[in-house]
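Heavy atoms only: backbone and side chains are in, while hydrogens, waters and symmetry mates are out.
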Amino acid sequence: MRRLPRSLRALIPLVLTTVTALGTTSPVAFAAGTTVRLPVLKSRLSDGAACAGASSAVASAVPWEQHSLGLSGVRQRGSGAGVTVAVVDTGVSQQAPTLKGRVTAVGGAGVDCVGHGSFVAGIIASAPAKGVRFAGVAQGARVLGVRGTDEHGVATAAGVAAGIRAAVDAGARIVEVSPALVQGSDALTSAVRHAADRDALIVAAAVPDAPTTAASSPAPPPQDYWPAAQQGVLSVLDVDVAGKRPDGAYTPRSADLAAPGDGVVGPGPKGTGHFIGSGASLAAAYVAGTAAIVRAAHPDLTAAQVARQLTATAYPADVPRLDPYAALTSVREPAAGAARAHPAPAVRLHSDAAGERATHRAVVLAAAGAGVVLLVVWASVVIPRGRARNWRPARR
């Protein structure tokens with residue numbers, strides 16, 4: 001048989017990986033034609049635990065979440081250059097290789113013992129590295145590290161509120177907030193209003209990250225979490241490779257957007273290796289990176305207009321799924337003198353039907369992709385043979 005061109009051979013493992021991954025829930029990083037087992041990065045350290053170290057494992061292929069978001073096409077049209085994205089989390093390591101030289105820290109937030117804030121910042125803005133296909137959404141953006149937790153990752157309303165204010169006052173146009181608190185406060189409400197007054201978009205995790213220990217208690221019933229539930233905040237929910245909520249995940253009463261957040265790849269606070277993590281905070285990182293690209297490409301849009309752009313161009317579902325390419329390329333110029341408004345109303349969570357529809361779409365797309373590959377294989381082999389044998393189409 002005639003050997004297929006390199007570009008065609010590369011499509012086959014991608015399709016097979018897509019089909020295989022749909023029914024898989026094991027904590028591995030999916031990529032084109034391969035799976036990579038990575039150490040899990042936690043969002044909180046227990047008392048006395050050592051700081052996160054370097055990972056020796058590297059995700060050399062494109063992870064599933066970046067394939068599903070079509071980031072290769074997005075990066076050709078925008079990089080987020082000129083936009084500062086604040087990460088209100090456990091800090092952002094200024095020594096992380098793919099972020100080095102592009103991180104400004106508030107106070108002591110340049111040191112990240114937990115590693116979670118560095119992971120989030122890496123999803124947002126990691127620079128490309130040789131031999132590694134993982135990279136940040138907005139590679140041209142700058143990162144502002146702000147500590148919204150203590151050194152072990154424990155957050156309070158006062159700490160998060162102070163972090164939001166510090167991020168806005170330092171000039172951040174996008175503020176990613178990882179902690180999701182069971183109770184708000186007047187200080188937190190005031191900080192969110194301060195961000196709106198300064199035209200800074202807050203992108204927050206709609207729920208806390210689910211506990212990773214085997215003895216974890218069952219998830220509580222749906223409830224509001226803060227600051228995500230506050231008016232004017234873009235709240236983000238995490239979904240897995242099949243478009244469903246992970247088992248045991250917390251559920252909010254409502255959310256604005258959904259994005260990949262279960263079993264996603266990111267860097268640690270040191271070293272060139274990668275970790276794997278899960279949670280709405282990681283999904284919020286993908287939305288924050290997309291928002292940075294949109295703001296850089298369309299600087300006339302206000303923060304509220306960017307929020308509406310992200311929700312209006314998302315894939316339809318109970319909780320709309322983020323579509324970075326559509327958000328970037330389908331922007332309409334705002335009307336002259338358009339008033340700044342709040343983001344679109346949140347979508348209520350009714351059932352798991354959205355996940356089922358997402359899975360169905362993924363299966364259809366995977367099957368269609370497999371069909372395309374087979375068709376191309378057939379054309380590249382049969383047509384040349386036919387020409388060699390002087391085949392011609394039959395006349396009427």
Enquirer: How close do Tyr225 and Thr251 get, heavy atom to heavy atom, and via which atoms?
Expert: CE1-O, 4.0 Å
Enquirer: Check whether any side-chain heavy atom of Val175 sits under 4.5 Å from a side-chain heavy atom of Leu201, and report yes or no.
Expert: no
Enquirer: Run the side chain to side chain contact (heavy atoms under 4.5 Å, CB included) test on Trp226 and Val233 for me, step by step, so that the C-alpha distance in whole Å, both residues' side-chain angles and the decisive distance to 0.1 Å come before the verdict.
Expert: CA-CA 10 Å; Trp226 308 90; Val233 175; over 6 Å; no
Enquirer: Can Asp150 and Arg44 be counted as an ion pair, charged N to O under 4.0 angstrom?
Expert: no
Enquirer: State, to 0.1 Å, how close Gly277 and Leu282 come at their nearest heavy-atom pair, and which atoms those are.
Expert: C-CD1, 3.3 Å
Enquirer: Would you list the pairs meeting side chain to side chain donor-acceptor pair (under 3.5 Å) in which at least one residue belongs to residues 179-188, sequence neighbours left out?
Expert: none
Enquirer: Taking side-chain hydrogen bond (donor to acceptor under 3.5 Å, both in side chains) as the definition, give me every residue that meets it alongside His152, ordered by chain and number, with sequence neighbours left out.
Expert: none
Enquirer: Are Val154 and Leu41 linked, directly or through intermediate hydrophobic residues, by side-chain heavy-atom contacts shorter than 4.5 Å (ILVMFWY only)?
Expert: no
Enquirer: Can Leu257 and Leu237 be said to form a side chain to side chain contact (heavy atoms under 4.5 Å, CB included), step by step?
Expert: CA-CA 6 Å; Leu257 275 176; Leu237 204 58; over 6 Å; no
Enquirer: For the pair Glu65 (side chain) and Val264 (backbone), establish whether a donor and an acceptor sit closer than 3.5 Å, ignoring hydrogens and angles.
Expert: no
Enquirer: Tell me whether Asp238 is salt-bridged to Arg245, with the criterion being a basic N under 4.0 Å from an acidic carboxylate O.
Expert: yes
Enquirer: Report yes or no: does Gln309 contribute a side-chain atom to a donor-acceptor pair with the main-chain N or O of Val306 at less than 3.5 Å?
Expert: no
Enquirer: Testing the basics here: between Arg295 and Thr302, what is the closest heavy-atom pair and its distance to 0.1 Å?
Expert: NH2-C, 3.8 Å
Enquirer: Show your working on side chain to side chain contact (heavy atoms under 4.5 Å, CB included) between Leu144 and Val103 and close with a plain yes or no.
Expert: CA-CA 6 Å; Leu144 179 67; Val103 176; over 6 Å; no
Enquirer: Main chain of Ala229, side chain of Arg253: is a donor-acceptor contact present, judged purely on distance under 3.5 Å?
Expert: no
Enquirer: Kindly give the heavy-atom pair with the smallest separation between Pro320 and Ala314, and that separation in Å.
Expert: CB-CB, 3.5 Å
Enquirer: Within the 3.5 Å criterion, strictly below it, is a donor on Ser235 or Asp256 matched to an acceptor on the partner's side chain?
Expert: yes
Enquirer: Provide the closest heavy-atom pair for Thr272 versus Pro97 in the form atom of the first, atom of the second, distance.
Expert: CG2-CG, 4.1 Å
Enquirer: Please lay out, stage by stage, how Gln95 and Lys270 fare under the test side chain to side chain contact (heavy atoms under 4.5 Å, CB included).
Expert: CA-CA 6 Å; Gln95 302 303 314; Lys270 59 182 70 173; 5.7 Å; no
Enquirer: Nearest 0.5 Å, what's the CG-OG distance between Leu322 and Ser68?
Expert: 9.0 Å
Enquirer: For the residue pair Pro324 and Val137, establish whether any side-chain heavy-atom pair is separated by less than 4.5 Å.
Expert: no
Enquirer: Arg75: which residues meet the side-chain hydrogen bond (donor to acceptor under 3.5 Å, both in side chains) condition with it, sequence neighbours left out?
Expert: Gln66
Enquirer: By side chain to side chain contact (heavy atoms under 4.5 Å, CB included), which residues pair with Arg133, not counting sequence neighbours?
Expert: Val62
Enquirer: Taking side chain to side chain contact (heavy atoms under 4.5 Å, CB included) as the definition, give me every residue that meets it alongside Ala49, ordered by chain and number, with sequence neighbours left out.
Expert: Leu45, Ser46
Enquirer: Sequence neighbours left out, what passes side chain to side chain contact (heavy atoms under 4.5 Å, CB included) with Ser55? Give chain and number order.
Expert: Pro39, Ala57, Phe275
Enquirer: Can you list everything that forms a salt bridge (charged side-chain N to carboxylate O under 4.0 Å, His left out) with Arg147? Sequence neighbours excluded, please.
Expert: none
Enquirer: May I ask you to decide if Gly263's main-chain N or O and Trp64's side chain share a donor-acceptor pair within less than 3.5 Å?
Expert: yes
Enquirer: Is it the case that atom CD in Gln230 sees more than 12 heavy atoms from other parts of the structure closer than 6.0 Å?
Expert: yes
Enquirer: Would you say the side-chain atoms of Arg102 pair up with the backbone N or O of Ala141, donor to acceptor, closer than 3.5 Å?
Expert: yes
Enquirer: Output all residues satisfying ring pair (Phe, Tyr, Trp, His ring centres under 6.0 Å) with Phe134, sequence neighbours left out; order by chain, then residue number.
Expert: His274
Enquirer: Can you list the residues that meet the side-chain hydrogen bond (donor to acceptor under 3.5 Å, both in side chains) rule with Arg77, with sequence neighbours excluded?
Expert: Tyr325
Enquirer: Only distances under 3.5 Å count here; give the side-chain donor-acceptor pairs of residues 161-174 to other protein atoms, sequence neighbours excluded, each with its distance to 0.1 Å.
Expert:
residue: Arg165; atom: NH2; partner: Ser190; partner atom: OG; Å: 2.7
residue: Asp169; atom: OD1; partner: His194; partner atom: NE2; Å: 2.7

Enquirer: Enumerate the residue pairs fulfilling side chain to side chain donor-acceptor pair (under 3.5 Å) with a member in residues 105-127, sequence neighbours excluded, ordered by first and then second residue.
Expert: Asp89-His116, Thr90-Asp112, Thr98-Ser126, Asp112-Ser118, His116-Asp209, His116-Ser281
Enquirer: Looking at residues at least two apart in the chain, or sitting in another chain, which of them share a side-chain hydrogen bond (donor to acceptor under 3.5 Å, both in side chains) with Ser278?
Expert: Asp262
